[in-house]
Amino acid sequence: MPKLALLGGEPVRRLDERPYPKYPSIGNEEIEAVIEVMRSGNLSSLRGHKVKEFEEAFAKYHGVPYAIAVSSGTTALHLALAAIGVGPGDEVIVPAYTFTSTATSVLMQCAIPVFADIDSRTFTIDPEDVERKVTEHTRAIIVVHLFGCPADMDRIKRIAEEYDIAIVEDCAQAHGAMYKGKKVGTIGDAGCFSFYQSKNMMTGEGGMIITRDPDIAERVSMLRNHAEIRGLKDYLKRHSPQEAFNMLGYNYRMTELQAAIGLVQLRKLDRMNEARRRIASEITKAIREIAGLEEPYVPDYAYHVFHIYAMKYYEEELGVPRDLFIDALRAEGVPASPGYEEPLYANPLYRLRLARKLGCPFTCPYYKGRVTYEDGICPVAEEICYRRGLWLLIHSELSDDDVKDIVEGIRKVVENIDELKRIRQG
Ligand SMILES: Cc1ncc(COP(=O)(O)O)c(C=O)c1O
């Protein structure tokens, strides 16, 4: 009788009988905050005051003067690049291993994403490769604090200063994470957050841009609300009409309902991050000794907030392909995933330069550089995508018993790996 659930054995946890707790956990506070807004009748930020309150609280939490709420993490990135002045002819260096919109936000500004490799331990952008990829066309770097682990910001800052390049921090997975005691998002020129419902704090959908730069803050505020100059006489006093009217604005506003949820979630953020860290440390203790699995690396400089528990998998040690191992974990009830399955440049959008009609921005006559999206440009990202990445989808609401089951599921698959090897041979 096989032991492994994948082969017909009894699973460690039957998810149909005992599902994991739901995430996000929506408490009475969030519900009442939304009802209050509904009763007020003001659902738009143009009428109510919740978005403003949320912005003030978020800025205060980060110790920065400006926070501007928007409709998503993607629109936050888009507006940060627009406000910095990224446009046709510019290159923006982005990591090859991240969520799609870190790079599509660059295309939205008709600029060219140039992919840099990642550090094999932290999975964040590799400063050495960033420096190799800088050209005379580089206008900005987007650094992603992936999975809640801050990137190596001192080294990135040094490069940015040397070549006069702006830094945008993509903090979509890292609310409250810290680099050398500084909150992520406060180190570069602008920090961008997502409040999609799986994030460390959430508003269903939503985003935020934080900055210390009053010009960036002003431009972002205008761009998210159609960049209408009407009522902005003051702006015209300080800027040329060329500058003032040369702005393509959007409606990227956050609603009052989202902001009301965000205010509650922000109050819970530190506690939720601490819970994620505790869970991660329990899992790490349990799997540290398992040959073939490598726990997430936490650099000395980091306060890691474990949006995802990202491990490395070694087929050479365990003797079965990663996907089979993951199938076996899932059958036991372990929330496992291979994660990002290819580096972003493998997407036909880049590889075939299909982004828009007529290949814009790759065919743009203002673009004088030569970007490449071939296999091999970011070997570490490729290795993590194709062979090594193994994510556990953890969150703050998991109980000690849930974590025990996750660990037991992993141990059980490792202890019975010969059963998997046999089906491979069979
Ligand atoms: C690293 C990263 N950047 C950007 C985003 C985009 O955020 P949103 O889904 O709110 O547009 C996400 C969200 O999944 C993300 O993980």
Side-chain angles (χ1 to χ4, degrees), residues 23-24 54 58 67-82 92-109 113 115-116 118-119 122-125 140-151 153 156 167-177 179 184-185 188 190-210 220 223-224 250-255 257-259 261-262 265-266 276 296 304-310 337 339-345 347 349 381 384-385 389 391 393-395:
Y23 189 85
F54 183 33
F58 205 77
I68 302 104
V70 289
S71 53
S72 71
T74 304
T75 53
L77 287 165
H78 181 194
L79 291 196
L81 294 175
V92 177
I93 299 177
V94 299
Y97 186 68
T98 173
F99 181 69
T100 184
S101 68
T102 307
T104 51
S105 61
V106 177
L107 296 176
M108 290 173 198
Q109 277 306 101
F115 291 101
I118 53 167
D119 178 278
T122 63
F123 306 121
T124 61
I125 199 162
I141 306 168
I142 305 182
V143 171
V144 183
H145 304 299
L146 200 69
F147 308 141
C149 182
M153 291 308 291
I156 297 289
I167 301 175
V168 173
E169 294 179 70
D170 180 340
C171 314
Q173 302 185 3
H175 317 65
Y179 173 81
V184 299
C192 299
F193 294 81
S194 161
F195 303 125
Y196 173 67
Q197 71 169 47
S198 69
K199 303 304 192 208
N200 288 33
M201 65 168 280
M202 65 95 218
T203 62
E205 302 280 359
M208 190 78 81
I209 295 146
I210 61 173
V220 167
L223 289 166
R224 77 154 164 200
Y250 307 87
N251 177 352
Y252 283 172
R253 297 187 304 261
M254 176 181 273
T255 68
L257 298 161
Q258 291 164 294
I261 299 170
Q265 287 269 305
L266 183 59
R276 283 178 184 269
H304 193 316
V305 295
F306 291 97
H307 177 62
I308 285 168
Y309 186 91
S337 155
Y340 302 131
E341 292 189 56
E342 42 179 35
L344 288 185
Y345 52 81
N347 184 325
L349 194 63
I384 303 293
C385 289
W391 298 2
L393 306 172
I394 61 166
H395 61 71

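All ligand and atom numbering here is 1-based and tracks the order in the structure. In this chain, residues are counted from 1 in sequence order.
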For [atom], what's the nearest protein heavy-atom neighbour? Residue, atom name and distance, please.
atom: atom 16 (O) of ligand 1; result: Q173 NE2, 2.9 Å
atom: atom 6 (C) of ligand 1; result: S101 OG, 3.3 Å
atom: atom 14 (O) of ligand 1; result: K199 NZ, 2.7 Å
atom: atom 3 (N) of ligand 1; result: D170 OD2, 2.7 Å
atom: atom 2 (C) of ligand 1; result: A172 CB, 3.4 Å
atom: atom 5 (C) of ligand 1; result: F99 CD2, 3.5 Å

Can the ring centres of [X] and [Y] be said to be less than 6.0 Å apart?
X: F306; Y: F147; result: no
X: Y97; Y: Y345; result: no
X: H78; Y: Y252; result: yes
X: F193; Y: F58; result: yes

Heavy-atom distance under 4.5 Å between the side chains of Q265 and M202, does that happen here?
yes
Subset of ligand 1 atoms that lie under 4.0 Å from at least one heavy atom of [X]:
X: T102; result: 3 (N)
X: S194; result: 7 (O), 8 (P), 10 (O)
X: V144; result: 1 (C)
X: S72; result: 10 (O), 11 (O)

Any nitrogen or oxygen of [X], main chain or side chain, under 3.5 Å from a nitrogen or oxygen of ligand 1?
X: E205; answer: no
X: T98; answer: no
X: T74; answer: yes

Exercise: identify the closest heavy-atom pair between I142 and T102:
CD1-O, 3.4 Å
Which of L79, L77, L81 passes side chain to side chain contact (heavy atoms under 4.5 Å, CB included) with Q109? It is L81
What class does the angle between the rings of Y340 and W391 fall in, given that below 30° is parallel, 30 to 60° is tilted and above 60° is perpendicular?
perpendicular
With a 3.5 Å distance limit and no angle check, can you tell me whether E169 reaches the backbone of G185 through a side-chain donor-acceptor pair?
yes
